[in-house]
Amino acid sequence: MTVDMKDIVALCKRRGFIFPASDIYGGINGFWDFGPLGVELKNNLRDLWWKAMVITPPIGPDGTPVEIVGLDSSIIQNPKAWVASGHVGGFSDPMVDCRETKKRYRQDHLVVCWIGGQHGKDMPGIAFHEDEEEQEIEKRLKKLGYKEYYKKQPLTEVPVENYMYIIGPDAKEPGTLTEPKAFNLMFESHAGPIQSEENKVYLRPETAQGIFLNYKNVLDSSRVRVPFGVAQIGKAFRNEVNPRNFIFRSREFEQMEMEWFCHPDEVKMWRDFWFEQRKNFWTSVGLRSDNIRFRQHGQDELSHYAKAGLGTADIEYRFPFTAPDFGELEGIAHRCDFDLTAHQEHSGVKLEYMDPVDTSKRFMPHVIEPAAGLSRGVLALICEAYTIDKERPSGVYLNFHPALAPKKAAILPLTAKEEHVPLATKLYLELREEFPVDLDIKQNIGKRYARQDEVGTPYCFTIDNDTIQDKTVTVRDRNTMKQERISMDKVAAYLREKMKTADAVRKAA
RNA sequence: GCGGGUGUAGCUUAAUGGUAAAGCUCCAGCCUUCCAAGCUGGCCACGAGGGUUCGAUUCCCUUCACCCGCUCCA
């Protein structure tokens, strides 16, 4: 049974997981709100990540627990930080449009093959994507009536006045490419009430930089030593050209990033280590189907900018809208010493690490960065949990792992009669001290089970006449719909056990 | 950003140039001893703006959002 993304989006809205932002005004492209259940689900994933990273970080290769501390840095930082990180320069990609084909290209992705030394009507430049095969280039040249080209030049080096001689990558006539337009993918604002260039600021496009900016503060205040990690969860903002696919690509999203600072000689070991850890994490939160994929890029796959480092290993999920392809959930990147070096240069503050034991040893730490999308993680959890079951009244249920489920249990008096409600209320008040739980009294029991199925509540405790006699309740399991009776005073322990199982799974994974 | 499509209640679907209909959900009550049952009642909609018209949800224009395909994704 194939899952339709439309149905998932509809359920998310109907049951309060995810709403369009500014819904009553017709929405706003690229922004979404998390509803009452969505925020619980997101918080659960966030908290499990924080626990896995900061509270109970894994045992390192040497048998001792690794050291990771937390951080919550400001979304707005000194704009110089974004100049240093390369985002001001590199994040604003100039684009050129083709008037003939209506296509848009990144200027720095195009190269021009000039037919002759003199540009002119009979000596045009023919533009190609930089990755175009030589064979294809020849083919197209021939088609346009040329034998060979004289020289290849990046479009970025071509003066705009010569664009009139260029035939676009998909065009037939020269002169259809527009002059490059700047696209800044960072959100801008102004710190202070006056809108001027001087107080222009940026909303962070990634949480990572806040960690690099605080690298020295953390070292000086927390008694951590290399190797160690700094973890942060928070919102990030990117002016995506085209937000798409529900919350998968939105302009405001949430990241869970950890920067692992280590000696340059140990990057390979730590990259492999964190890749394993991160795989285990996603498996432990319930992404176990063959829709999740772990892909360590081969050396040959590395792009030019990463040739100095180990590149990136990806954790990907096959969302209904990407299928049969996969979408990125998390990337484990080797950032080399790029960021610290850049900030050292731009700020003038020494960021080299001095070995506390042998003070003659100084080096710039390298960074392994497991960077995961929290919003994307939530979407993957929902897609993974969405299970069609024609046999049950709701027709569908969300098969969340109990540790992730927004509500751990519902307490249901079998009838709204006097005898059942007080007992249910008592159990509810007891359980809610420890777990997010619902008390649902209205309507018949079947409807209530169906409602809980749709939001993925793993357990329902029902109070009936027997409860009055022997203080037992029924437990109804979401997945099997089977029931068993347990003593009312064992309910909290029962739930506790189910949650602990989740934790044990994480540990064992 | 381009091309195509879609927009009527929370959902699914009607009808109409002249007071917008129904089923399910939801809410209230009755009834109900375990899986959306039954009865009664209730809330809620023409995405937004403009134009044509005596009158527009319907025709026209613009815009917004969503979906599909391109493009983009440091």
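First the proteins, then the strands, lettered A, B, ... as listed; each starts at 1.
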For this session: Go along nucleotides 61-69 of chain B 5' to 3' and tag each nucleotide: B for a protein heavy atom under 4.0 Å from its base, S when only backbone or sugar atoms are that close, - otherwise.
Result: ---SSSSBB

For this session: Produce a footprint string for nucleotides 24-31 of chain B: one letter per nucleotide, 5' end first; B if the base is under 4.0 Å from any protein heavy atom, S if only the sugar-phosphate is, - if neither.
Result: -SSSSS--

Taking pairing as Watson-Crick or G-U wobble with both contacts under 3.5 Å, can you name the mate of [N], or confirm there isn't one?
{"N": "B:C66", "result": "B:G5"}
{"N": "B:C43", "result": "none"}
{"N": "B:U57", "result": "none"}
{"N": "B:A21", "result": "B:U13"}

In whole Å, what separates the [atom1] atom of [N] from that of [M]?
{"N": "B:C26", "M": "B:C11", "atom1": "C1'", "answer": "11 Å"}
{"N": "B:G47", "M": "B:C72", "atom1": "C1'", "answer": "28 Å"}
{"N": "B:A9", "M": "B:A45", "atom1": "C1'", "answer": "4 Å"}
{"N": "B:U52", "M": "B:C70", "atom1": "P", "answer": "42 Å"}
{"N": "B:U62", "M": "B:A20", "atom1": "P", "answer": "29 Å"}
{"N": "B:A56", "M": "B:C61", "atom1": "C1'", "answer": "14 Å"}
{"N": "B:C46", "M": "B:U40", "atom1": "P", "answer": "28 Å"}
{"N": "B:C59", "M": "B:G18", "atom1": "P", "answer": "12 Å"}

List in chain and number order the residues that pass salt bridge (charged side-chain N to carboxylate O under 4.0 Å, His left out) with [X], two or more places apart in sequence or in another chain; answer none if no residue qualifies.
{"X": "A:K42", "result": "A:E254"}
{"X": "A:E197", "result": "A:K200"}
{"X": "A:D23", "result": "A:K13"}
{"X": "A:E345", "result": "none"}

Measure the distance from [atom1] on [X] to [atom2] on [N] and round it to the nearest whole Å.
{"X": "A:F461", "N": "B:C34", "atom1": "CZ", "atom2": "C1'", "value": "15 Å"}
{"X": "A:I463", "N": "B:U32", "atom1": "CD1", "atom2": "P", "value": "20 Å"}
{"X": "A:Y449", "N": "B:A36", "atom1": "OH", "atom2": "C1'", "value": "13 Å"}
{"X": "A:H420", "N": "B:C34", "atom1": "NE2", "atom2": "P", "value": "11 Å"}
{"X": "A:R448", "N": "B:A37", "atom1": "CZ", "atom2": "C1'", "value": "14 Å"}
{"X": "A:D23", "N": "B:A48", "atom1": "CG", "atom2": "C1'", "value": "13 Å"}
{"X": "A:K13", "N": "B:A45", "atom1": "NZ", "atom2": "P", "value": "13 Å"}
{"X": "A:D389", "N": "B:A36", "atom1": "CG", "atom2": "P", "value": "13 Å"}

Exercise. In terms of side-chain geometry, is the basic nitrogen of A:E454 or A:R14 positioned less than 4.0 Å from the acidic oxygen of its partner?
Worked result: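 A salt bridge is present here (some side-chain N lies under 4.0 Å from a carboxylate O).
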
Problem set entry | Charged N-O contact under 4.0 Å between A:D489 and A:K471 |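 No salt bridge links A:D489 with A:K471.
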
Problem set entry | Upstream residue (5' side of RNA chain B) when A:V473 and A:E240 are each assigned their closest nucleotide |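 Going by which nucleotide is closer to the 5' end, it is A:V473.
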
For this session: Name the residue closer to the 5' end of RNA chain B, choosing between A:Q483 and A:R376 according to the nucleotide with the nearest heavy atom.
Result: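 Going by which nucleotide is closer to the 5' end, it is A:Q483.
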
Problem set entry | Counterpart residues, side chain to side chain donor-acceptor pair (under 3.5 Å), relative to A:K490 (two or more places apart) |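 Side chain to side chain donor-acceptor pair (under 3.5 Å) check on A:K490 returns nothing, list empty.
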
For this session: List in chain and number order the residues that pass side chain to side chain donor-acceptor pair (under 3.5 Å) with A:E252, two or more places apart in sequence or in another chain; answer none if no residue qualifies.
Result: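 So A:E252 forms a side chain to side chain donor-acceptor pair (under 3.5 Å) with A:K235.
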
For this session: Could you check whether A:H109 gets within reach of a base, just the sugar-phosphate, or nothing at all, counting any heavy atom under 4.0 Å?
Result: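 Sugar-phosphate, no base atom in range.
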
Exercise. What does A:E419 touch in the nucleic acid at a heavy-atom separation under 4.0 angstrom: a base, only the sugar-phosphate, or nothing?
Worked result: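 No contact.
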
Problem set entry | Any N/O donor-acceptor pair, A:R476 side-chain to B:C35 base, under 3.5 Å |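 It does, because a donor-acceptor pair links the side chain of A:R476 to the base of B:C35 below 3.5 Å.
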
Taking distance alone, no hydrogens or angles, what donor-acceptor pairs closer than 3.5 Å link side-chain atoms of residues 441-450 of chain A to residues at least two apart or in another chain?
unit_1 : atom_1 : unit_2 : atom_2 : d
A:Q443 : OE1    : A:R451 : NH1    : 2.8
A:N444 : OD1    : A:G446 : N      : 2.9
A:N444 : OD1    : A:K447 : N      : 3.0
A:R448 : NE     : A:K442 : O      : 3.4
A:R448 : NE     : A:Q443 : O      : 2.9
A:R448 : NH1    : A:P413 : O      : 2.8
A:R448 : NH1    : A:D440 : O      : 2.8
A:R448 : NH1    : A:I441 : O      : 3.4
A:R448 : NH2    : A:P413 : O      : 3.1
A:R448 : NH2    : A:L414 : O      : 3.1
A:R448 : NH2    : A:Q443 : O      : 3.2
A:Y449 : OH     : A:T462 : OG1    : 2.9

Exercise. Is the distance from OP1 or OP2 of B:A37 to the nearest side-chain N or O of A:N444 less than 4.0 Å?
Worked result: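 True: A:N444 side-chain N/O within range (under 4.0 Å) of B:A37 OP1/OP2.
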
Problem set entry | Min side-chain heavy-atom separation A:V367-A:C336 under 4.5 Å |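 Counting from C-beta outward, A:V367 and A:C336 never come under 4.5 Å.
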
Exercise. Do you know which of A:F319, A:F253, A:F321, A:W32 makes ring pair (Phe, Tyr, Trp, His ring centres under 6.0 Å) with A:F246?
Worked result: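 With A:F246 as partner, ring pair (Phe, Tyr, Trp, His ring centres under 6.0 Å) holds for just one option, A:W32.
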
